[in-house]
Amino acid sequence: MSNAIPDKPALEGLEPKWGEVWEAQGTYRFDRAAALAAGPDCVFAIDTPPPTASGSLHIGHVFSYTHMDLAARFQRMRGQHLFYPMGWDDNGLPTERRVQNYYGVRCDPSLPYDPDFTPPFEGGGTGKPAEQVAVSRRNFIELCERLTVEDEQQFEDLWRALGLSVDWTQTYRTIGDEAQRVAQRAFLRNLARGEAYRADAPTLWDVTFRTAVAQAELEDKEMPGAYHRVSFHKPDGGTIEIETTRPELIAACVALVAHPDDERYQPYFGTTVRTPLFGVEVPVVAHHLAQQDKGSGIAMVCTFGDVTDVVWWRELDLATRPILGKDGRILAEAPEGIEGDGLAVYAELAGKTVFSAKARMVELLRESGDLIGDPRPITHPVKFFEKGDKPLEIVTTRQWYIANGARDEQLRERLLQAGRDIAFHPDFMRVRYENWVGGLSGDWLISRQRFFGVPIPVWYRLDEHGEPTGEPIVPSEDALPVDPSSMPAPGFDEAQRGQPGGFVGEVDIMDTWATSSLTPQIAAKWEDDPELFDLVFPYDLRSQGQDIIRTWLFSTVLRAELEHGTIPWKHAGISGFIVDPDRKKMSKSKGNVVTPQGMLDEHGSDAVRYWAASSRLGTDAAFDPQNPKQMKIGRRLAIKVLNAAKFVYSFPVPDGEAVVTDPLDVDMLATLGDVVRQATRAFEEYDHARALEVTEQFFWTFCDDYLELVKERAYGSTPGDAGDRVDGQASAVTALRRAVDVMLRLLAPVIPFATEEVWSWTHDSSVHRAAWPTVDELGVDAAPSGLLPLVSQALIGIRRAKTDAKASQKTPVAHATIAAPLLLAEAAADLKAVGRIDVLDIQQGDEVAVLAIELAPTPEG
RNA sequence: GGGCUCUUAGCUCAGCUGGUAGAGCGCCUCGUUUACACCGAGGAUGCCGGGGGUUCGAGUCCCUCAGGGCCCA
C-alpha cells in the first residue's frame, strides 16, 4: 500500500526507513534467472573497487562510489539486470600493520600456534615494536581475520547509509577462500603459460617491512642528502673525483661511469681506478644515462644504490658486490674483491645501519684524505615504498614475477590495444594508462615476504642433500586454495617437509594486487560457476579513482588479457579527487578530515550524493568542510522535491480520462520532454553532472514559475474567462502529476531517498525499479512552443513592478499592459490569477515588457 | 625534464559541433502569500589568465607565454 503523505515532509529518518525496505524487498538484488532469460546484453555488470578493509573510508571514496552508483541506478531503471557486487580488500600489508598496532603483536613464523592466545591490546596498542608480543603465523592470521571482519561491517554500514544500490548478497573478500582459489588458479595458469616465473634479481626492498615491493608501489619523496666529493685513484697516482650521496656504498662500488660524449673522461674509458680505502680495482665505463652536468659528471656504480645502478649493472655487465642485507644493515661478510687492509676497513662497517655506516665512512675518508672538502647538502628525490617510512634499498633476492609487457613488445602492444578498446570516461584518462604501460621498467614482482595474503601455491623438491631442485611442484586446480607452508606437497607426506628427498613449501605470499587484479573473476566466480561468469564477463563498467590507474586498473587489464585475451570491462569511469579550499589534496595531516559518516549524519545522504553527482568524472572537486555549499544545495533540492510533490498531490484529482489540453500545460510537458532527452543522453555518456544540471534547472523553473502560474487553476478556483477553462483544472492537475512522476525518476539516481519517499505516496513499488522516463509517456507530441518562458518573463515583470513599489506579491493589480509576442495570450488567465491582475492588456511586441501597471489601492493595515 | 589537465562573476562551477556571456552560493533590496523560513520575489556583479593567429565573427579552433594541480622521470 502507498504511504500516507505526511503533514510536514522531512529528510530526517529516510535513510534507515528506506534502507530497510530495500533490503527486505531485495530491490537491488541480481535476478539471475531473469538475467539468464534476457541474455548478457541485458546485464549491466559493475566491477567495484574493493576498499582496503584496514584503511579508513574517506570523502574521496564517497565521491567515487557515488559516481558508480549513479550509473548503476540509471542502468537499472533502463531495464538492465544489475550485477553489482561489493568486495573488501582485506589481505596484505596494510591489514598486517593495522593488526600489529591494534592488538600489539607481531608475527614470528618460527613460533608454534597458541590456541588460547589473548592479544595484549584491543585497539589500544602503541605501535611501538618493543611492546609488541611475538605470535605464530596462524595466531597472527586469526587476528587479521577478526579485525577485518569488524572493519568490513562498518564499511558496509556506511555504504548502505550512502544508499549504494549494490547487491549485498554478492560480496567477496580478497582473503576469502573463493578469492584465494581464483588468485591461485590464475597464477598457476600464468605459470603454465610461462607468464609467471621465478628469478634472482635486484629487488626494491623495504627494510622496515622486510619485503620486496613492486614498481607500482613506489613513491618519490624529496629528502635531504649531501654530495660527498671522493677521490678514486688512477694507476699513475692521480685521482678522479666523483660526487656521491651514498659514500657508505663505496665498498659496493663496481665501476665509475660517465657520459660517452664527455671529453673530460673519454681518455679514461677502458682503464681502471682503485676505490678509496678498499683499493678495489674497478673499470671506468661510458653510458648515456650518466649526467654530465650532475656533480663532477662521473658517478660511481654500486650494487646497488639506486635503480640506475641496476640499469648500468645489467647493461654494462658489471661485477656484483652486494654489501646490504635485508635488514638494512651492512653484511658481515665483505664482498668479493675486498682484500688485505680493505677487510679491516670493512669490518668497521659490518653490522652498521646505512645511517651509521655513512657517518663512519665519512670519518674514514676524511682521515685518509679521500674526502675533498665538506659534504654539500642537497635535497633530492628518494624512492620509498608508498606505505613505508624508510628509503628503499635494493637487494638481490629470488622473487616471483608476472610478465606485464615491460620486456615483451608484443604483450605491451596488446595491452595498449586493450586500453584503446576500453571507453575511458573522461577519455583523456586513457593517457595515464598508456604512460604507465609505456614506462614499465620490469616485470611485475608479485611475491611478498609477508603473512596475511594469498600463498603462492608451489612447493620445491629437495635433493638428497636437502637442497631445492628442479621445477616447482604445483597442486591440481581442484585442490585450491592451498597453503604450501602448512599443507604437504602433492605426493608427499607432511613428515617429509624439509627432509632430504622431501619438499619445502613456498613461504612467500602474493602481493595484494595480484589478487585484487582479479576482482571481475572473483565476483563472477570464474570456473566455479561458468554460467554466471559467461553472463557477466566482460563487465560493463569499472569505476574507480584516478590514483589507482597504474595499479588496479592496469593490473586488471593485464590479468584479463593474459587469461582471457579480452578486456575486463567496456567502460572505465574515473573519478577525480577531493581538494581542500587551497586546491591542495585533502590529507589527514591537515587535521581537517571529515569522516564520511559524520558528513552523512550532518547533511543527509541525498545531500552528500548531490555534492558528488554535481562533479563530472575526472574533475577534481573542491570541498570545504567549513562551508559545504554543494551539500546545502543538495539538501535544499531534496526538501523542495518533498514539498513540491506534496503540494501537487494536494490538488483535487479530476474524474475521468486525464487529458492535457491547456497550451501552457502542453508546453511545460514538451519542455520536460527535452529535459528527458538531454538527461538520458547525458547518463548514457556517463555525464551524470549534466543530467543532473538540466533536470535540476527544469525542476526549479517548474516550481518557481509553472507551479505558481497554474496553482489557482489546479485548485479549481479560477473561474476562467474562456470556454476551454472548463477542463483547465483537469489539464493542470494531470500535467502536474505527470511531470512530478517523470522528474522523480530523473532525480532518483541522485537523491534516492527523497524520491523514493515521494514515489511511495502514489505507488506501491520502488522508484528505483521503475522504468526510466521517456518522451512518449508525456503524451505530448510537440516541440516546446516558447510559451512557458514567455509567461515566466511576463511574471517576472509583474513581480518586479510590485517589488519596485515595495508591495507584497499578493497586492492586487487593477490594470496592467504588457508588450509581448501574442502567444502570451494563451496563458493570460493563469498570468492574471497569479499576478492578481484585474484587467490585463497584451500588446504585440517582440520583447516582453511591462508597459504600464496600476496597483490596486492597498487597504490600510 | 616529459605527459595530461585546469585558469570564465567575491566563491564553486556550466558553457555540446565557433554566432549578442550563464547557474547556484554569497551580497544588496523587498515580502509573515494556506507546498516549502532548511522560504519566496527582485537586483547588482565579468579586458572568459596574458599575447599572437585563423575567421565576417573566438571562453569556444591553432600557436605561444604565465600560473595552479596531477602523473611519470
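Each chain gets a letter, A, B and so on, in the order its sequence line appears, and its residues count up from 1. Keep in mind it's a predicted model, so treat the numbers as computed, not measured.
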query = What nucleotide among B:A35, B:U33, B:G42 has an atom nearest to a side-chain atom of A:Ala644?
reply = B:A35
query = Closest to the A:Trp436 side chain: B:G31, B:C72, B:A41?
reply = B:C72
note = Residue pairs passing the salt bridge (charged side-chain N to carboxylate O under 4.0 Å, His left out) test with at least one member in residues 687-703 of chain A, sequence neighbours excluded, are none
message = Does a side-chain N or O of A:Tyr715 approach OP1 or OP2 of B:A35 to a distance below 4.0 Å, or not?
response = yes
query = With sugar-phosphate meaning primed atoms plus P, OP1 and OP2, does A:Leu642 contact a base, only sugar-phosphate, or nothing at under 4.0 Å between heavy atoms?
reply = nothing
remark   = Per the O4'-C1'-N9-C4 / O4'-C1'-N1-C2 angle with a 90° window around 0, B:G59 comes out syn
inquiry  = Using atom P in both nucleotides, what's the gap between B:A58 and B:G50 to the nearest angstrom?
reply    = 15 Å
key: Given B:C70, B:C38, B:A35, the nucleotide with the shortest approach to the side chain of A:Glu12   = B:C38
key: Inter-nucleotide P distance (B:G51, B:C56), Å rounded   = 23 Å
task = Side-chain contact test, heavy atoms from C-beta onward, threshold under 4.5 Å: evaluate it for A:Leu218 versus A:Glu386 and give yes or no.
result = no
query = Out of B:G40, B:A35, B:U5, which nucleotide sits closest to the side chain of A:Asp704?
reply = B:G40
key: Nearest listed nucleotide, side chain of A:Arg432, among B:C4, B:C13, B:A35   = B:C4
request  = Quick one: label A:Gln678 by what it contacts on the DNA or RNA (base, sugar-phosphate, nothing), any heavy atom closer than 4.0 Å.
outcome  = nothing
message = Of the options B:A37, B:U33, B:G42, whose atoms approach the side-chain atoms of A:Lys8 most closely?
response = B:A37
task = Go through the steps for A:Phe424 and A:Phe428 under the test ring-ring contact (aromatic ring centres under 6.0 Å, His included), then give the verdict.
result = CA-CA 7 Å; A:Phe424 280 78; A:Phe428 66 77; over 10 Å; no
Name every donor-acceptor pair, under 3.5 Å, that has one atom in a side chain of residues 634-645 of chain A and the other anywhere in the protein, sequence neighbours excluded.
{"from": "A:Arg635", "atom 1": "NH1", "to": "A:His603", "atom 2": "O", "distance (Å)": "2.9"}
{"from": "A:Arg635", "atom 1": "NH2", "to": "A:Glu12", "atom 2": "OE2", "distance (Å)": "2.6"}
{"from": "A:Asn643", "atom 1": "ND2", "to": "A:Ile639", "atom 2": "O", "distance (Å)": "3.2"}

message = From the set B:C72, B:G43, B:C13, return the single nucleotide nearest to any side-chain atom of A:Arg800.
response = B:G43
key: Note: A:Asp741-A:Arg737 ion pair, threshold 4.0 Å (strictly below)   = no
ask   = Among the nucleotides B:C4, B:G42, B:A35, which one has an atom lying closest to any side-chain atom of A:Phe428?
value = B:C4
request  = Only stems of 3 or more consecutive Watson-Crick or G-U pairs count here, both distances under 3.5 Å; name the ones for RNA chain B, or none.
outcome  = B:1-7 with B:66-72, B:10-13 with B:22-25, B:27-31 with B:39-43, B:49-53 with B:61-65
query = So which nucleotide from B:G42, B:A73, B:G69 ends up closest to the side chain of A:Gln215?
reply = B:A73
task = Sorted by first residue and then second, give each salt bridge (charged side-chain N to carboxylate O under 4.0 Å, His left out) pair with at least one member in residues 791-803 of chain A; sequence neighbours left out.
result = A:Asp705-A:Arg799
query = Quick one: do the A:Gln417 and A:Arg420 side chains pair a donor with an acceptor below 3.5 Å?
reply = yes
request  = Hey, which sits more toward the 5' end of RNA chain B by its nearest nucleotide, A:Leu707 or A:Ile796?
outcome  = A:Leu707
query = Which part of the nucleic acid, if any, lies within contact of A:Glu696, taking any heavy atom under 4.0 Å across all strands shown: a base, the sugar-phosphate backbone alone, or nothing?
reply = nothing
Student check: side-chain heavy atoms of A:Ser517 and A:Trp444 closer than 4.5 Å = yes
Contact pattern, 5' to 3', of nucleotides 14-29 of chain B - B, S or - by protein heavy atom under 4.0 Å = S---------SS---S
key: Residue pairs fulfilling salt bridge (charged side-chain N to carboxylate O under 4.0 Å, His left out) with at least one residue in residues 751-763 of chain A, sequence neighbours excluded   = A:Lys17-A:Glu757
request  = Look at all strands and tell whether A:Lys646 reaches a base, only sugar-phosphate, or nothing, counting heavy atoms closer than 4.0 Å.
outcome  = nothing
